[in-house]
There are 2 protein chains.
Amino acid sequence: MVSINDVAKKAGVAKSTVSKVLNNYSLVSEETRLKVEKAVEELGYVPNSVAVSLSKKVFNRVGLIVDIRHNSQFVDEISMQYLTGAFEKAKEYQIEVVTFFSSQFDEMNYKQVTAYLKSQRINCLIIYNLSIENKNLYKIIEKQEFNCVLVDSPITNDRTSSVSLDHFSAQYEVAKKTLEENIYIDRVLYIAGGAGGYITNRRLDAMRKLQEELDFELIVEYGDFNEYKAREITFKNGEKSNAIVCASDLMAIGAVFALIEMDIYRPVCGFDGIRLMGYTKIAMNTVKQNFNLKSKQAFDELKKLLDGEKGQHTEIPYEVCKIDYMDVIQK
Amino acid sequence: MVSINDVAKKAGVAKSTVSKVLNNYSLVSEETRLKVEKAVEELGYVPNSVAVSLSKKVFNRVGLIVDIRHNSQFVDEISMQYLTGAFEKAKEYQIEVVTFFSSQFDEMNYKQVTAYLKSQRINCLIIYNLSIENKNLYKIIEKQEFNCVLVDSPITNDRTSSVSLDHFSAQYEVAKKTLEENIYIDRVLYIAGGAGGYITNRRLDAMRKLQEELDFELIVEYGDFNEYKAREITFKNGEKSNAIVCASDLMAIGAVFALIEMDIYRPVCGFDGIRLMGYTKIAMNTVKQNFNLKSKQAFDELKKLLDGEKGQHTEIPYEVCKIDYMDVIQK
DNA sequence: TTGTAAGCGTTATCAT
DNA sequence: ATGATAACGCTTACAA
């Protein structure tokens, strides 16, 4: 492995000088800069990131915490988009990232998690879909020992930013549009996410507002973002409701397939705008969001935190629409 | 951050002794071992993995190279399963992993790629679906500077193992089963993967064997594992063929949806057994494989290489079946 | 069995 | 503007 010493020797300077060139210090003559750059080029030298990380006073390494504990399978699609978005930004900013699955932290306590993260020199976190059961992560956010960006959880503090769409208005819009497309709506089944979750409550609020406005009976059941549960809930409550609003596309798919088996029709709408929707060939309203972009934005927010800005909330755009097979497969 | 020095101080021993305890050296008295372990426990000490990596003579860090350049979208599902499988094994073996997307290496030359990997202290690679265009990776495998495990590419040498199913017999079986379920088969459209790829060729061989046996005309088109291309190919050749065999489920879905639009029926079979299949509600034969398990097996093979074994080829099981919605959503 | 000290490849603080 | 040198946190001869 070619090291900084090799470069220094070849360029005929001290390794500290090489380091200065590499980190573009101002106080270095044009002549030596060229010598060093030539040596770097010729040797194909790339700094050892491990050594850099160990030696640097401030070194940023971000942990991406992805939640894949949902029983449903197609969280894959979303998680993968989150990861690719973050990876691209990481490359752009030249910041190292490490991927974790939140289930890894389940058996640990708060102290263990922080020790574990710090032992990997991680000082920043991007947490996707923080779930309410994860007490450790909540505590980490609260204690502000790490710079955090939360995707789809509305917590902010000095060192914590959040990025999400406006769950209230999005849920309101998609539900309203779906209900208004139909004539008699006097009883609506709302299949919510996980009981007590932030976004779940925000969306529930939206449903309650709509309920007041449109004056229907609202049945609320918790499907935990799980399509199988949504299916069961639909079997139980589908008949007596005349529309079903779901807090995720996956649950909406579960509901629609249940309805088909029950051989009844009810308008259904989802939330997320996953591509899987296109494959089911069921045209239903949903809230379409760009997960890749959301993740990139989260990274941008993280960068701001690293640059000394205080944590803030950022809202991202969404679109109420139907997911079409051709749109999904085209690109 | 609590370091090895803190532990040493607290336990009243030298830091080298702490290190010995941590790495379970034999020559350490029970008494000091206990003292050290107590201190570690009380301080919640976790070794700094960056420092460990820098100082260890042999330190294993594996790069997971995932290919997401396919235009088709649902490679997500497969890649994510690969990643989770590898991550679980990494935790089990206590080996660090770093994720890369192969597209990152596109603009680099061979020297740059190796320098880049080495600068991150990576000495092992698990390469998923090595595509034929990736000259750099081929050269890396050939030069044997890294321990490599290839998933679904049949190259092996002293430091390279491969893990895959038997593409020849799997393709043969699924195609045969599909064709035999139907009566008149005299012209078969085979939508292959990427021209020149290893697995593509193996599968083509299987189709040729079947062609000889069943005596039909074989039309071969390359769909590049892309569902859109498969769709176009089907529009062009679907009518004149009386069965379509596809080298991936995604292409099979593209073909079936095209057939539906053409309003004709042709038996179609796929390859991979992705869960997405269950959502399309189209029952078609496919080769089902467990990607998560395959990735785990690849990691096991990597471990063997690290333990000094020579590279070898391992075959994994598969099953010819149909993917059912209920199986997909149940779990 | 334990401790001392050199080394891993960098950065950063001093002198010069 | 450049070069020694100490530090980063750990492992590992080697000495005791």
Side-chain angles (χ1 to χ4, degrees), chain A residues 1-37 39-40 43-61 94-96 115-123, chain B residues 1-37 39-40 43-61 94-96 115-123:
Chain A
M1 217 208 123
V2 30
S3 82
I4 198 170
N5 287 306
D6 303 321
V7 178
K9 212 166 288 170
K10 182 141 197 161
V13 296
K15 64 176 174 181
S16 56
T17 306
V18 176
S19 178
K20 278 164 197 158
V21 172
L22 260 39
N23 298 282
N24 6 254
Y25 259 55
S26 42
L27 303 171
V28 51
S29 74
E30 199 53 31
E31 186 190 10
T32 42
R33 145 161 286 117
L34 288 174
K35 273 196 299 189
V36 170
E37 278 168 354
V40 165
L43 294 171
Y45 166 72
V46 182
N48 181 324
S49 63
V50 171
V52 171
S53 159
L54 185 61
S55 128
K56 269 229 169 111
K57 284 272 178 282
V58 288
F59 185 84
N60 298 323
R61 210 149 182 260
Q94 306 244 55
I95 292 179
E96 274 191 46
Y116 176 65
L117 293 172
K118 284 185 182 172
S119 81
Q120 303 208 24
R121 287 237 150 189
I122 283 168
N123 64 334
Chain B
M1 218 209 123
V2 30
S3 82
I4 198 171
N5 288 307
D6 304 319
V7 178
K9 214 166 287 170
K10 180 140 196 162
V13 297
K15 65 175 174 181
S16 60
T17 307
V18 176
S19 175
K20 280 164 195 160
V21 172
L22 261 40
N23 299 283
N24 7 255
Y25 259 54
S26 43
L27 303 172
V28 51
S29 75
E30 198 54 30
E31 187 190 9
T32 42
R33 147 160 284 117
L34 288 174
K35 273 195 300 189
V36 170
E37 279 169 353
V40 166
L43 294 172
Y45 168 71
V46 182
N48 181 324
S49 63
V50 170
V52 172
S53 160
L54 185 61
S55 92
K56 270 230 168 111
K57 284 270 177 284
V58 288
F59 185 84
N60 298 322
R61 205 145 186 265
Q94 305 243 56
I95 292 178
E96 274 190 48
Y116 177 65
L117 292 172
K118 285 185 180 171
S119 80
Q120 304 208 24
R121 286 236 150 193
I122 283 168
N123 63 335

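Note: hydrogens, waters and symmetry copies are ignored here, and every other heavy atom, side chains too, is used.
For B:V40, the side chain to side chain contact (heavy atoms under 4.5 Å, CB included) partners at least two apart in sequence or on another chain are B:V7, B:L22, B:V36, B:Y45. Taking B:K9 as the reference, nothing meets the side chain to side chain contact (heavy atoms under 4.5 Å, CB included) condition, with sequence neighbours excluded. Take A:N23 and apply the side-chain hydrogen bond (donor to acceptor under 3.5 Å, both in side chains) test, not counting sequence neighbours, and it matches A:S19. For B:A51, the side chain to side chain contact (heavy atoms under 4.5 Å, CB included) partners two or more places apart in sequence, or in a different chain, are A:L54, B:N48. Listed by chain and number, the residues in a side-chain hydrogen bond (donor to acceptor under 3.5 Å, both in side chains) with A:R61 are A:E96 (sequence neighbours excluded). Applying the side-chain hydrogen bond (donor to acceptor under 3.5 Å, both in side chains) test to B:K35 and every residue at least two apart in sequence or in another chain returns nothing. In terms of the side chain to side chain contact (heavy atoms under 4.5 Å, CB included) criterion, residue partners of B:E30 (sequence neighbours excluded) are, by chain and number, B:R33, B:L34.
For the helix from C:dT1-D:dA16 to C:dT16-D:dA1, the axis fitted to the five pairs at one end and the axis fitted to the five pairs at the other end meet at an angle of 50° (nearest 10 degrees).
A 4.5 Å side-chain heavy-atom check between B:V21 and B:E37 finds at least one atom pair inside the cut-off. Side-chain contact between B:V13 and B:V18 is present, with heavy atoms from C-beta onward closer than 4.5 Å.
Heavy-atom distances under 4.0 Å link DNA chain C to B:L54, B:S55 of residues 53-61 of chain B, given in residue order. For DNA chain C, the residues of residues 8-30 of chain A within the heavy-atom distance limit of 4.0 Å (strictly under) are A:K15, A:S16, A:S19, A:N23, sorted by number.
Comparing A:Y45 and B:R33, the nucleotide of DNA chain C nearest to each residue sits closer to the 5' end for B:R33.
The heavy-atom pair separating A:A11 from A:A39 by the smallest distance is CB-CB, 4.0 Å. Residues A:N5 and A:K15 come closest through the heavy atom pair OD1-CD, 3.4 Å.
At least one donor-acceptor pair closer than 3.5 Å links the side chain of A:R121 to the backbone N or O of A:S53. The closest donor-acceptor contact from the side chain of A:S119 to the backbone of B:S49 lies at 3.5 Å or more, if one exists at all.
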Let's go through B:L43 and B:K10 carefully: what are the C-alpha distance in whole Å and the side-chain angles of both, what is the deciding distance for side-chain contact (heavy atoms from CB on, under 4.5 Å) to 0.1 Å, and is it a yes or a no? CA-CA 9 Å; B:L43 294 172; B:K10 180 140 196 162; 3.9 Å; yes

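Chain B approaches DNA chain D within less than 4.0 angstrom (heavy atoms of the protein), and the contacting nucleotides run 5' to 3' from D:dG9 to D:dT12. Read 5' to 3', the first and last nucleotides of DNA chain C with an atom closer than 4.0 Å to a heavy atom of chain A are C:dG9 to C:dA12.
To the nearest 0.5 Å, atoms CG (A:L27) and OG1 (A:T17) are separated by 11.5 Å.
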